Amino acid sequence: MTDAPTRNETAIPVEALSSIEAAEELARLADEIARHDRLYYQQDAPAISDAEYDALRRRNEEIEARFPHMVREDSPSKRVGAAPASGFGKVRHAVPMLSLGNAFGDDDVREFFARIRRFLNLPADQPVTVVGEPKIDGLSITLRYEKGRFALGATRGDGREGENVTENLRTIRDIPHTLPGSVPDVLEVRGEVYMSHADFAKLNEAREAAGEAIFANPRNAAAGSLRQLDPSITEKRPLRFFGYSWGEASGRLADTHWDFLQRLKSWGFRVNPEVRRCDSAEDALALHRDIGEKRALLGYDIDGVVYKVDRLDWQERLGFVSRAPRWAIAHKFPAEQAQTVVRGIEIQVGRTGALTPVARLEPVTVGGVVVSNATLHNEDYIRDKDIRVGDTVTVQRAGDVIPQVVAVIAEKRPDGASAYGFPDHCPRCGSLAVREAGEAVVRCTGGLVCPAQKLERLKHFVGRQAFDIEGLGGKHIESFHADGLIDGPGDIFRLKDHAGDIREREGWGEKSVEKLLSAIEERRSIGLDRFIYALGIRQVGESTARLLARSYGSLAAWREAMERASAERHANAEEAKKPEAVGEAYAELCNIHTIGMAVADELAGFFDRDNVENRKVLDDLAHELEIEDVAAPAAADSPVAGKTVVFTGSLETMTRQEAKAKAEAMGAKVAGSVSKKTDYVVVGADAGSKAKKAAELGVATLTEAEWRALIGG
Ligand code: IVH
């Protein structure tokens, strides 16, 4: 799991990921994106292209969108860039410098507009006006003006804390030292520092002539130039600046983003001349096409168009979702493609038994990266596109981290190429492979009999978010498993009985074995949340595991509740469609915010009394380990932090989604149904049974106005 993933690997399409696979991939993506952030932000040495980086982030976002309960604490979506490198003082941003969500196709843009309409509950005849701006491919900075004088300038860093590069920024001509006219006492102007193509070419020529290393692209050149410790070097570099937003401001700036841009100009900032107002998604798409056509002539790199809701009062209401505003999106330019030949089709077996086909390709360069494998997703994908060994195909990178085969070039098919027959048995264990009704994935039915599945589950158990045993990575698990030292997870804690054997193995010695065994001993006591996650129950990712741990507190309480919920589910197998109809323990489980019946059923299945194997694993681990109880989080500084709130009936001043987002932003838990554990029920118009239930249970009810007063506005 800690192995560095390669760019050429293939992946399961997001819609076919099991929850366990999703959790593993989110962990992997968090690591990989953090690594690229460090390379990019701290070392000015990106290892992958922007499109590829975006693809990584996009896949992460897509998986999170499908498994919202799995969003990790260290998720790249909650974090922007990397912590600052040393050498410069640090600056804590008063207002975080966030990032933008991405749109890759026209439909993503239409959905962006639709989402805004839904969120604000706008009538059909009310236009949503956005400002479209080229997305400059430079580095974002913030400029703090105090009483109109430039006082402090910083890079974005990780979004919360950047580097103090004030003196370097003073050398850039586009950045005014004082602002004329009326300016709020404190004003932070934000925008992009970049280098033009012409200046970049000149700089590299000069560097080459002087025998210095040349920059890979204008953005690296701009970043490298801004992060010089000696401002006199920065001064010689032709850096430019476009303003496009603001951070802290002590006064009102404008009513619309458009007007704000006009004010920026009046203060002497350069605002991109291509910015336009657009009154609909179709207008915005037309602007994207226009700018796309001009792209090569602009004289500087852009990688898309950013759309921002024009009305600032709407921006305020729309707010943010982890790292990105709901009121803006970056519409990227399309992916890069190339043609190559399919040399073979192989099948990989995942932890949940999913069989994933992979195309082995004649290596080809796509947008600067050599691609030799591409995912074929699943059986239908191969059949629909009729992909055959020997075919010449178009491959694409971007929009997805994994290269994809997008089309077959029919004219180039060699004689005799035959249609691919998807296997009906697992290539690893020979068990029957089946595809359940409504599923895209063919799965090996071997369960723990299949060496591939068994091994993958063990790897999950020791993964970074699970037991995270230092010195016991996936490769060690593989070899210990192959030699029979480890069969089930409990065996890890009995490895000390094989210390002698391990010492004899290649690559091991007295010291390293001792270290490994003491790392294992350290993990003999572990938090309930990690323990639950490590079990690898389908659909139970890290955040669900954490929720379960917090809700039940101890292993004994959790296990007892799960066994009861499972028995209740067993007793009313099919007929019950609502949690309450299944039973009390089951309903209590479903009342944990974000846990629905699908997750509850996975848990019930895991604890099913017929599932002897799981019980054995649990008993064995309970015997070997000490599972620490988990306490509920302490209440933060908000009147509703840690409170459970239920909204019912229709609200007048905001949509349900807006109300929920706001409550969660203030630390409340929003539940779907009323129980004894509910703190407040906010009752809108035409509320039905939930308001009644609250009265029965004696739970406090609030009107919408009372709720607004409680949360302070
Ligand atoms: S607005 C809260 N506007 O893109 C939103 N960003 O992926 C703040 N960028 O960090 C960003 N051109 O470095 C905005 N016209 C533009 C931009 C722009 C380039 C960069 C910026 C930002 C990143 C987000």
Side-chain angles (χ1 to χ4, degrees), residues 33 36-37 40-41 46 50-51 53-58 60-61 76-82 93-104 108 112 130-143 153-160 162 174 188-195 218-220 222-223 226 239-249 253 257-258 260-261 264-265 269-278 284 287-288 291 295 298 300-310 312 314-316 318-333:
I33 292 169
H36 290 304
D37 281 344
Y40 181 105
Y41 289 101
D50 296 355
Y53 176 82
D54 285 341
L56 286 172
R57 281 201 100 114
R58 183 177 201 209
N60 188 69
E61 275 169 26
S77 65
K78 295 190 174 179
R79 194 166 40 75
V80 187
H93 302 306
V95 175
M97 292 183 75
L98 298 168
S99 191
L100 295 169
N102 287 326
F104 291 91
D108 293 347
F112 168 71
V130 300
V131 176
E133 308 173 354
K135 185 170 186 297
I136 315 297
D137 198 7
L139 59 149
S140 58
I141 54 149
T142 184
L143 306 167
T155 61
R156 180 169 69 173
D158 65 3
R160 293 194 185 87
D174 290 345
E188 267 177 48
V189 171
R190 293 178 174 177
E192 205 84 354
V193 166
Y194 69 98
M195 195 178 285
R219 182 174 54 188
N220 285 3
L226 188 61
L239 295 176
R240 313 230 54 190
F241 178 74
F242 279 126
Y244 53 63
S245 92
W246 73 92
E248 192 181 354
L253 294 174
H257 182 66
W258 183 262
F260 164 72
L261 294 179
L264 274 185
K265 283 194 237 175
F269 290 100
R270 286 174 65 237
V271 168
N272 193 284
E274 306 299 329
V275 301
R276 296 283 179 276
R277 262 172 157 157
C278 308
L287 177 68
H288 187 263
I291 293 182
R295 186 178 179 188
L298 291 175
Y300 48 84
D301 280 347
I302 64 171
D303 55 355
V305 178
V306 183
Y307 309 125
K308 302 173 181 175
V309 168
D310 195 27
L312 300 187
W314 286 2
Q315 287 193 5
E316 178 104 358
L318 285 158
F320 295 83
V321 106
S322 53
R323 80 184 164 106
R326 277 198 193 81
W327 46 263
I329 200 162
H331 185 187
K332 297 305 205 60
F333 291 125

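For ligands, and for the atoms within them, numbers begin at 1 and follow the listed sequence. These numbers come from a predicted model, not from an experiment. Keep in mind that the numbers below use all heavy atoms, side chains included, and drop hydrogens, waters and symmetry copies.
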Report task. Specify whether His257 and Trp246 have parallel, tilted or perpendicular ring planes, treating 30° as the upper limit for parallel and 60° as the lower limit for perpendicular. Result ->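 The arrangement is parallel - the two ring planes meet at less than 30°.
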
Requested in this report: For the pair Phe242 and Tyr194, name the ring-plane relationship: parallel under 30°, tilted 30 to 60°, perpendicular over 60°.
Outcome: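 Correct class here is parallel.
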
**Report entry** Proximity winner for atom 19 (C) of ligand 1, if only heavy atoms of Ile141, Ile136, Asp137, Leu100 are counted
**Finding:** Ile136

Query raised in the report: Nearest heavy atom to atom 20 (C) of ligand 1: which of Lys308, Glu192, Glu133 does it belong to?
Result: Glu192

**Report entry** Where ligand 1 meets Leu98 - atom numbers and elements under 4.0 angstrom, heavy-atom basis
**Finding:** 10 (O)

Query - Atoms of ligand 1 close to Ser99 [distance to a heavy atom under 4.0 angstrom, numbered from 1] - result: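 Every atom of ligand 1 under 4.0 Å from some heavy atom of Ser99: 7 (O), 24 (C).
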
Requested in this report: Determine the minimum heavy-atom distance between Leu239 and Ala222, stating which atoms define it.
Outcome: CD2-CA, 3.7 Å

If you look only at distance, which donor and acceptor atoms sit under 3.5 Å apart when one is on a side chain in residues 271-278 and the other is two or more places apart or in another chain?
unit_1, atom_1, unit_2, atom_2, d
Asn272, OD1, Glu274, N, 2.8
Asn272, ND2, Tyr300, OH, 2.8
Glu274, OE1, Lys294, NZ, 2.8
Arg276, NH1, Pro273, O, 3.3
Arg277, NE, Asp310, OD2, 2.9
Arg277, NH2, Asp310, OD2, 2.9

Report task. Taking Arg326 for its side chain and Leu318 for its backbone only, find out whether a donor-acceptor pair lies under 3.5 Å. Result -> yes

Query raised in the report: Taking Asp174 for the side chain and Phe241 for the main chain, is one N or O donor matched with an acceptor at less than 3.5 Å?
Result: yes

Query raised in the report: Is ligand 1 under 4.0 Å from a heavy atom in the side chain of Arg156, in the backbone, in both, or in neither?
Result: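 Side chain only.
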
Report task. Check each heavy atom of Pro134 against ligand 1 and say whether those closer than 4.0 Å belong to the side chain, the backbone, both or neither. Result -> backbone

Query raised in the report: Are Asp303 and Arg219 close enough for a salt bridge, meaning some N to O gap below 4.0 Å?
Result: no

Would [X] count as a contact residue for ligand 1, given that I'm defining contact as a non-hydrogen atom of the residue lying under 4.0 Å from a ligand atom?
X: Ala330; result: no
X: Pro325; result: yes
X: Gly138; result: no

Report task. Ignoring angles and geometry beyond distance, decide whether Lys135 reaches within less than 3.5 Å of ligand 1 through its nitrogen or oxygen atoms. Result ->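 Lys135 vs ligand 1: N/O contact under 3.5 Å present.
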
